[in-house]
Every structure is written in C-alpha cells, then in structure tokens.
Amino acid sequence: MTELTWVRVCALADILPLGARTIPHRKGEIAVFRCGDDSIFAVLNRCPHKQGPLSEGIVHGHRVACPLHSWVIDLESGEAVAPDIGCTPKIPTKIEDGAVWLAVPA
Amino acid sequence: MLPISRERLVVVGNGMAGMRTVEELLKLDPTRFDIAVFGAEPHPNYDRIMLSSVLAGEKQVDDIVINTRAWYEENDISLHTGDPVVKIDPKARTVTAQSGLTVPYDRLLLATGSKPIVPPIPGLNLPGVCAFRDIADVDTMIDASTKHRKAVVIGGGLLGLEAAWGLKRRGMDVALVHLMPTLMERQLDETAGKLLQRDLTERGIAFFTNGQTEEVTGKDRVTGIKLADGRGAPADLVVVAIGIRPETTLAREAGLEVNRGIVVGDNLSTSDPDIFAVGECAEHRGQVVGLVAPIWDMAKVCAHHLAGGGELIYTAQVSATRLKITGIDVYSAGQLAAGEDEDEIVLRDARRGAYRKLVMRDGKVVGTVLYGDVTDGAWYFDLIRRRTDVSDIASRMILGQAALGGGTQEPDVAAMPDDMQICGCNGVCKGTIVDTIKAKGLDSYEAVKAHTKASASCGSCAPLVRQLLAATLGVEVTGPAIPTVCKCTDHTHEEVRTQILKQKLKTQAAVREAMAWKTPDGCASCRPALNFYLLCAWPGEYQDDSRSRFINERAHANIQKDGTYSVIPRMWGGTATPAELAAIATVAAKYDVKEVKITGGQRLGIYGIKKPDLPAVWGELTDAGLVSGHAYAKGLRTVKTCVGLEWCRFGTQDSTSLGKQLERLTWGNWTPHKFKMGVSGCPRNCAEASIKDFGVVCVESGFDLLVGGNGGIELRGTDRLCHVATEAEVLEYCAAFMQLYREEARYLDRTAPWIERVGIAYVRTRIVDDAEGRKVLAEKFRHAQSFLQDDPWAERANQGVDATEFKPLPALV
C-alpha cells in the first residue's frame, strides 16, 4: 500500500472559480479544479478516452467536459459520465486555512 | 387462455392504412381476430410521408418506422414481410403469397396502396431510373447521389418537388420536368405555383415547365432525357414522380368491383362483404384519396365495422396539403380558385415573398392557398371544415387571426374550440390532446405525441401541440421541434435571447435564475451559448467570461490532439510583409516547432507550441506588428482574396484591398459560429467566395454579394444576396449581415443552416429591402466592434491578462 502525504499546492484564490490549474508530477500531470461551490477536486490530467487534458475543459457542477471530444468526467469519482465508460485516477484534496492540499504518494 | 378458435383477419399490405386499421381494431377489440399481415416490402410498417425527410438527410430510416417488429410480436400478429400476396380466392376464402404460403381468412382487409404511374416512354428500364415510393427507391437515390452529379426529376407535384429538393440537399445538380405550366397545380393556384418555382430556382433547381418527356436516353445506364419540344437535359439519375394510381390488380383478379380504385361503401367493405379496403387503393363515392388524414378516417371506420360495429360511416372531408421543403412554406386546402359562385380575397406581399388567398362563397371560406407565411393555415382550415359564417370579418381575415384579435403573432390556442383539429394527418382535435394531457399527467411534447399521435406524421403541427401542452400545464414547454439550449433548461435559444433583452438580464447567473435553470452553473453546452448571447446583447457592458469559453477561445490558440497548440497570426487578406515573415520564422526556429503550414485561410500556422510558451511566442509576434488571427474563434476567421485588378488580367476590381477592408472592419468579432469571407476579383472566383459565409464576387459594374455558403461537412453554395455598386456599400451590407446573424442565429449555427431555416427571402427583406434597418444593423455592428477590437495576444503577452491560464503550479516532487 502506497503511503500518502498531504502537500500544500496553492492558495484557493490561485484557482479561478470554475477553473483549473495543472501541477507537474513525476507520475503525470495533475489537474486541480475549483467548482462553483468552491469545492476542490484533483485528478490525473488525462481523459480516459484519448488522454485529453481535462484541466482545459469547462467545469460545471462537480464535472468537467474534456476539451478534445466532450466526454464528461465526474470529478467526485474520476469516472466518465454515462453513456461513456472510463476512469481517471483521483487524488484526495482538502482545503485548510484558504489553501489547497493534495494527498500524493510519498 | 382457452384456445377458442378466433376469427381470422388477413391484411394485404403492411403500409400506413392497413396498420392504422389494425391499431384501431386492437383498441376496440384486441382479442377478436387472429391477425396475419403480408407486406411486399422487407421492412416493418413505416411512415411513407417522411421518406422525403429521409432523402433530404433530415431523418434516418429507423426514425420513420411506425410499428417495430416487437410491436407485431406483442400484439400476436404474424407478419410476413417481403412476401407479397399474389392471389385471393374469395370462394375458398384464402390468400396465397409469393412464397407459396396459403392462409385462410374470415375477413380480409386490402390495403395495397398505390403504385407509381409509369409513363409510356422508352428508356424507363435503364439502371439509374427509379420512382419515389418506397425505401428501396430512396436507397437508390441516396446511392446515386454519392456516385453521380446530375439528376432529373419528372413530375412537379408534391412528391416530385420533395424528391428534387432532397437530391439537391444531397449535393446533386437537379432539373425538374413538369408537364403543366405551373408547379403543384392540383394544390396551388398559378400565383403560388410561380412563387414556389422562383424560390426553388433560387435554391438551384432548374425547371422545364410545359415539358413533355419523350424519351429517357442511355445505353447501359441513363444518360439524359429528351423532351417533345426538342429540349433535353443530361442525367445520371432519373426519378419518375408523375403521380400514383391505386394498386388494384389483386382485387380485379379476385372479381371484386373495381373502378379507378377498389370500390367501397360507406363502411369500407368491397363488393364482397367479407373483404374490406382502406387507403389509397380504395375508391369511395367516386373519389380516391392520397393524403393521410382521410385515410386515418377510413381506418377508424373500417376497424369499427371489423369489430362488429354498425354505426360509423366514412364521409370524405376537406383535406389540407403542406409541402415539406425546409424553409419553404406552402399550404392549401379546399377549393383553390373561385368559380362563378365564389369570390377570391388575395393578399400579396412581394417583398416578403408571401402570398395568401381565400376562396369565399356565401360568406364562408371554401378554400385557401398560403405561400410564405402559413401560420394561419390551421385557422382557415378550421373555418372551412366548420363552414363558419365569416361575413362580419371577411374583409379583414385575410390578414390573419392575429390581426383580428390584435394579439400575439402566434395563434391563440386557448381561444380555439375543443373540436378544432390540430393534427390534420392524424385527425386529432384540441379537446383530445388537452384531455389526454390531463388524464395521463403528460408533461413533455414527446409524451403527448406518443399518446395522442398528434404531430406524429408530417410534424408540421408540432408547434401547435407544444403550445397546447404549455397552455394546459400553464408553463412554457419545449420539445424537439425547436431545440432547447441544452438539458439544463426547457427554454429554446430564441426564448432565452428574447428574455435577455426583455428582462434586461445582464449576467449568466441572472439568466439562469430568471429562466429557472436546472443546474447552478450550467454545462459545457449552455455556458458558451449564454456567454455569447449576453456579449451580443450588451456590448461593452457584459464582461466576457473566460470560464464559459471552450479551451481554444479561452487560450486564444487551437488545442491539438497531443495537447500542444497552434498559433496563427492574422495575415490581412492573405498578405504579409518581409518583417512579419521574419518574425514567424524566428519564432518557429526558437521554439523548435514541429511544423509551419499554410492554412486553408491563406495564412501561416505555427504548430506544436506548449501552452506555457504561448504568451512569450505572442510577445515576439506582436513586436513585429502581428495580431491574433482568431483561427480558434467562433467569430471572424479569414477573408480569402485573389490578387484582383492589381495584377490579374481578368480582375475587375481591387479584390485584395476590399478583402483587407472587410477584415479590418470585422476582425475580433464574435459570432454564433465561425465566419469566413472571400473576395474574388472576377467571376472565375479564385477566392471561392461562393462557399463562404459572406462572399463578394467583383464584376465590371460593381459587386455581387453572396451569403450562407459552407465548404465544410455539408457542402452548400451561397445564396445571392444582391448586387451593389460601391465598396462602401459592400462594407455596410457585410456589417449588417453579420449583425443579423449575430442577433438571430442560434449559438453554433453556421450561416448556412441558419439561412436554410429562415430563408434567403427573409435575409433579403432585412438587409436589402429595408435600407433603414440595414443602417441600424450596421451601426450596431460597428458599436460592438468598438469594444471587441483589442488584440487578445497583446493583452496576454504584455498586459498579464489571464496569467494563471498559462502558468502551471510548482511541480510536486
């Protein structure tokens, strides 16, 4: 089992509402999303369909539409919304003192 | 269930009339008969009326199936498709099919429909000749349209015109031969027939009226047609649609009384009381029918008698006709022209290309012909059917129902009587629809259609059905007839745009709240649409929302499949200076780009730039005076030009300079979808202006303006807008046209489908005929431009706009 460590990545204000930022990581780029209700989600920045950069998609509700072929990914689960099938790995997040934290492999 | 031996009903003909009768029968008495159905075609029962929509590419074959095979199974009907009945033996009470299968019957229903009339001319057996009657014919036509160029349709009635239009939509060159001087002479009077011909000529169909086809030529395949007067046309496909004749062979051979059709009484039984006939094959009191509404009446009466009833009798009713050609509205009902006892009231609106006529007798309407604007068709038709005395309103009623009440543009469904027929095809009255909505708790247009069949055939009454649903539920209702913005709302694009202006809604949140959006922040479909609508409605006031832009418009570059971006600077009219070329070369070398390519829009594209590098790349390009080419925008893309008068020996005007002026006028503008222009210096048209959204072809006397072309997925040549004499006029017409498109098209509509929907005649009314309106539109366009012509690249490269967009967060180790 991989051990996870909480890491502070940015201030909440560094991500525009309904926006996303990317974070380079040795296991692949991570996309961090800020939804309309200020909840934060992070997934591997790779659509399960054709590896499109999800960070560039339009965020709505707790979902993002991939910019390449409009697959919709549910950010709560990392899974594609039906009828599409697929999943992108999800990274645990938390907000503390106005900062965004991710739990990444140590 | 006990194996009680049931009566046996055999249906000959698996078409609309036969199956509708079976449906009506199952409603009355689902267990009375063992039912067997024979059909010559290999398909289940489908909506023959919609074949023209399949041909035009608006529907697929699956969409027009009425009863699926599962339906036959559920209702325990044995279905024999592709196996036509070849013999009826009324003495033995059996029918025999082509396969040799013989089945006994107690009652027999003939619904053999019609066959196309085949004229006695040589050459009709050649490959490439077909009728327009069934799915096989449509398959032949679609197949020909993918392999061949030229089509000739023989017959200028409803069917022939829909065939011609469908083939035109599929990209063929179409000529239509018609025996009579005007089109659809059985449904339209001369004036409306001529208007129709004019509009279809503008859409590129060539006509040979007064044309008697003498021969279809060709050896191994059709090559053309010859007319009796010496005219002729080349053809790779010939569609014969001169009319239909009742299919009566079986009935005649069985010894039934047959005249033009199979003779039936008021109860739809033939001369043999156990044999019934319905639909186009039947002749009732000397009349045969070819429209769906009377056939549904027949089905109802026939089912009633098959189920043992004795009361209902069939009486012929007035029918209405409507042509199904997108953007061309034609409606007629009852008597077409006044005889000795009648008067005509006629309204001509040449500017709008509209025409309406009422035929009156003794203070009552007995017929109507409408062209262009058919919204009042249902109202006039109702007055005809009821024989309402209209003496007191006769002088004003030609203006329409709205003009009488001083009310809204739309017909007032609440004021309609309960027995007013809404769906002519299926004979569904207002009362039936309202009662069904209430009894079954229906809340969607689809459900109402499924339960009542209203608008389930030709679909032209769908707006009325939707209005009725809305009025019954007391809310706004929408359905597929007019698309909603997206699943977040039941409102149409038009409703949203109207309310934005009416309620002065100036933010997306305000729109979503005022119009009861179902989602808090919309979705990837409606957010870009609302963003555009607000931007268009409130120039300078509404703050463009980058989070509601697709990535390309947000990043001002085109995302490529590998996640890198292309950078395409504007090259005005397709020209460049040495300094600009040098800057592009420098950037390409410095950022090690994978490819520099000349794009289809006469510019240089730099491919493979990483997102974080974009602002720096733009910085170097802007230093050399280059600006964004908006190659990513649903907005003005390029103005393609030829060298024109300056260099070309054929050039008539300075097309390059005019193209640059157009580009300077319109760059930076956002439109519902991308917008491309072309300016050619002579009719040789090297700039391909005839497939652009706005095209200019220069001629000696000035400029021909073209609109609505598209070289993309669905190839469409432009419609001619008008001719103007000066460059200043070109600029004004262009600005006005773009503004009209911005204000009235739906988001993601290119100009081509928009014009197909509203008609070029409408666009001309606004841009050409209405000089005052054109100036207002052009002024609104220029006003919007005063806020839009800031180069987005310079803003991002030098002024730090949207900085976080391009900058990743620090890497995690």
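Just so it is clear, the structure is predicted and the values come from calculations on it, not from any experiment. Each chain gets a letter, A, B and so on, in the order the sequences are listed, and its residues count up from 1.
- Other residues, nucleotides and ligands contribute over 12 non-hydrogen atoms within 6.0 Å of the CD atom of B:Glu541.
- Summarising the geometry of A:Ile23 relative to B:Pro810, their closest heavy-atom pair is CG2-O, 3.4 Å, with the distance given to 0.1 Å.
- Around the CD1 atom of A:Ile95, the shell of radius 6.0 Å holds more than 12 heavy atoms that belong to other residues, nucleotides or ligands.
- Once rounded to the nearest 0.5 Å, the distance linking CD of A:Glu29 with CG of B:Leu809 reads 10.0 Å.
- A:Val9 places a side-chain heavy atom less than 4.5 Å from the side chain of B:Leu812.
- Residue B:Glu513 qualifies as open at atom CD: its count of foreign heavy atoms under 6.0 Å is 12 or below.
- Enclosure of atom CZ in B:Arg512 by more than 12 non-hydrogen atoms of other residues, nucleotides or ligands within 6.0 angstrom is indicated.
- Heavy-atom neighbours of B:Lys59 NZ from other residues, nucleotides or ligands within 6.0 Å: at or below the threshold of 12.
- Only the backbone of B:Arg549 comes within contact range of chain A, judged by heavy atoms closer than 4.5 Å.
- Contact of A:Val59 with chain B is made through the backbone alone, with heavy-atom distances under 4.5 Å.
- Using a distance-only test at 3.5 Å, with no hydrogens or angles considered, no donor-acceptor pair links the side chain of B:Asp521 to the main chain of A:His60.
- Minimum heavy-atom separation, B:Gln560 to A:Leu68: O-CD2, 4.1 Å.
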Going through the checks in order, is the side chain to side chain contact (heavy atoms under 4.5 Å, CB included) test met by B:Arg547 and A:Ile58? CA-CA 7 Å; B:Arg547 303 290 119 195; A:Ile58 289 182; over 6 Å; no
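- With a 4.5 Å cut-off on side-chain heavy atoms, B:Glu805 and A:Glu56 count as touching.
- By the neighbour-count criterion of 12 heavy atoms within 6.0 Å, atom CG of A:Asp38 is densely surrounded, having more than that number from other residues, nucleotides or ligands.
- Neither the backbone nor the side chain of B:Thr519 comes within contact range of chain A; no heavy atom of the residue lies under 4.5 Å from a heavy atom of that chain.
- Within a 6.0 Å sphere centred on CZ of A:Arg46, other residues, nucleotides and ligands contribute 12 heavy atoms or fewer.
- Two residues are said to be in side-chain contact when any heavy atoms from C-beta on lie closer than 4.5 Å; A:Leu18 and B:Ser548 fail this criterion.
- Proximity to chain B (any heavy atom under 4.5 Å) is shown, for A:Ile15, by neither the backbone nor the side chain.
- Only the backbone of A:Ser55 comes within contact range of chain B, judged by heavy atoms closer than 4.5 Å.
- Other residues, nucleotides and ligands contribute at most 12 non-hydrogen atoms within 6.0 Å of the NZ atom of B:Lys487.
- Interface residue B:Lys611: only side-chain heavy atoms are found under 4.5 Å from chain A.
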